[in-house]
Amino acid sequence: MNGVHDMGGMDGFGKVEIEPNEPVFHEKWEGRVMALVRAMGAAGAFNIDTSRFHREALPPHVYLSSSYYKKWLLGLTSNLVAKGFISRSEVETGHAIEPAKPLKRGRLALDQVSRVMTRGTFTRDAQAPAKFKIGDRVRCRNINPVTHTRLPRYVRGHVGVIELNHGPQVFPDSAATDRGDDPQWLYTVVFDARELWGADADPTVKVSIDAFEPYLEPA
């Protein structure tokens, strides 16, 4: 979706400030939020792309004024309400009102935590041969989906060159809306900065993104 989160290539937000010796969590509640998200994902309540979509769908003024883990908490709440695990009334009152909805894979047990914290593979069997090969020139389609996509706005309509083929992977655009894995070939595509930002861009700069095959067409 063309949400506020997709800010690649935009000016005016200043430098990314790196915090020396940055802790994993700045506040104790941030760790609890991460645990909740991972536990509910492991229990089958949602997948990583659904989770991302609900964070991206936050109103712009909320997104821009929220910390990283506050976005996680707000996205988690929205996701669980949308899927019927909790209600808005329960969020507002701070306690359960209705009987709990059963979880697809049951409650997360303590001996499963290590497995849950290890990211799984997204590689899948191919549904069809790859359409592109390394060195092919491709144009990113000008698409504007209303749900989750991994195609940044600033490359849409622009031409790049296939540099790597990562093989077929879970397609986030489908997974985010519970339409299954729908495996698609994933490529690294390299762009000249002048192609993206015009003739006055730095000619020595190259930009690469990972793009799924449905995002691309021959150039």
Side-chain angles (χ1 to χ4, degrees), residues 1-41 45-94 119 140-158 160 170-178 189 191 193 195-198 200-202 205-212 215:
M1 64 183 294
N2 298 334
V4 66
H5 66 287
D6 190 358
M7 295 187 286
M10 294 176 63
D11 292 324
F13 291 92
K15 293 173 58 178
V16 174
E17 300 291 348
I18 299 175
E19 181 180 342
N21 303 314
E22 183 177 12
V24 176
F25 303 112
H26 288 84
E27 303 288 345
K28 189 174 181 179
W29 65 266
E30 295 177 336
R32 293 174 64 86
V33 169
M34 181 177 182
L36 284 168
V37 171
R38 299 304 290 265
M40 292 302 287
F46 48 74
N47 60 54
I48 188 172
D49 296 303
T50 312
S51 186
R52 284 172 172 158
F53 168 61
H54 280 271
R55 291 196 289 272
E56 294 163 359
L58 292 172
H61 70 284
V62 174
Y63 189 96
L64 292 174
S65 61
S66 299
S67 67
Y68 181 76
Y69 279 108
K70 185 175 180 182
K71 292 186 186 77
W72 275 47
L73 176 60
L74 295 173
L76 172 66
T77 303
S78 170
N79 204 347
L80 295 180
V81 169
K83 292 184 176 300
F85 287 101
I86 56 176
S87 67
R88 281 292 173 195
S89 297
E90 290 173 314
V91 175
E92 291 166 2
T93 59
R119 175 164 289 190
C140 292
R141 297 180 186 275
N142 183 18
I143 58 173
N144 295 275
V146 296
T147 58
H148 179 63
T149 184
R150 302 294 284 175
L151 182 64
R153 268 182 296 179
Y154 70 89
V155 302
R156 296 175 194 172
H158 292 287
V170 173
F171 188 40
D173 302 44
S174 297
T177 51
D178 295 326
V189 183
F191 301 86
E195 165 67 18
L196 298 178
W197 294 294
D200 57 349
D202 186 341
V205 171
K206 302 287 185 185
V207 177
S208 64
I209 68 164
D210 285 344
F212 287 88
Y215 301 159

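The figures that follow rest on heavy atoms only: side chains count, while hydrogens, waters and symmetry mates do not.
- At a threshold of 4.5 Å between non-hydrogen side-chain atoms, the residues Arg52 and Asn47 do not count as touching.
- Side-chain atoms of Thr177 and Phe53, non-hydrogen and from C-beta on, never get closer than 4.5 Å to each other.
- Taking the six-membered ring where tryptophan is involved, the planes of Tyr215 and Phe171 are tilted, since the angle between them lies from 30° to 60°.
- Annotation for His54 and Gly75: closest pair CB-O, 3.5 Å, computed over non-hydrogen atoms.
- Asp6 places a side-chain N or O within donor-acceptor distance of the main-chain N or O of Arg153, the cut-off being under 3.5 Å.
- The heavy-atom pair separating Leu151 from Cys140 by the smallest distance is CD1-SG, 4.1 Å.
- Side chain of Arg88 to backbone of Val81: no donor-acceptor contact under 3.5 angstrom is found.
- Note that the NE2 atom of His148 and the CE atom of Met1 stand 11.0 Å from one another [nearest 0.5 Å].
- Counting all heavy atoms, side chain and backbone alike, Val37 lies closest to Ser51 at CG1-OG, 4.1 Å.
- For the atom pair CD (Glu27) and OH (Tyr69), the distance works out to 13.0 Å, reported to the nearest 0.5 Å.
- Using a 4.5 Å cut-off on side-chain heavy atoms (C-beta onward), His158 and Val207 make no contact.
- In this structure, Arg55 and His5 have side chains that are not in contact, with every pair of non-hydrogen atoms separated by 4.5 Å or more.
- Here the side chains of Asp202 and Trp197 are not in contact, with every heavy-atom distance at 4.5 Å or above.
- Of all the heavy atoms in Leu196 and Tyr154, the pair that sits closest is CD2-O, 3.7 Å.
- Arg150 contributes no side-chain N or O that, together with a main-chain N or O of Asp210, makes up a donor-acceptor pair within less than 3.5 Å.
- The side-chain heavy atoms of Leu58 and Ser66, taken from C-beta on, include no pair separated by under 4.5 Å.
- In plain terms, the two heavy atoms of Ala201 and Ala193 that are nearest each other are CB-O, 3.7 Å.
- Atom NZ of residue Lys206 and atom CD of residue Glu195 lie 10.5 Å apart, to the nearest 0.5 angstrom.
- Taking NZ of Lys83 as the reference point, atom CG of Asp178 lies at 3.5 Å (rounded to 0.5 Å).
- Interatomic distance, CD of Glu90 versus OG1 of Thr77, reported as 12.0 Å (0.5 Å rounding).
- Side-chain contact between Thr149 and Asn2 is absent, with no heavy atoms from C-beta onward closer than 4.5 Å.
- Here the side chains of Phe46 and Leu76 are in contact, with some heavy-atom distance below 4.5 Å.
- Two rings, from Tyr68 and Phe25, have their centers 6.0 Å or more apart.
- Surrounding NZ of Lys70 are at most 12 heavy atoms belonging to other residues, nucleotides or ligands under 6.0 Å away.
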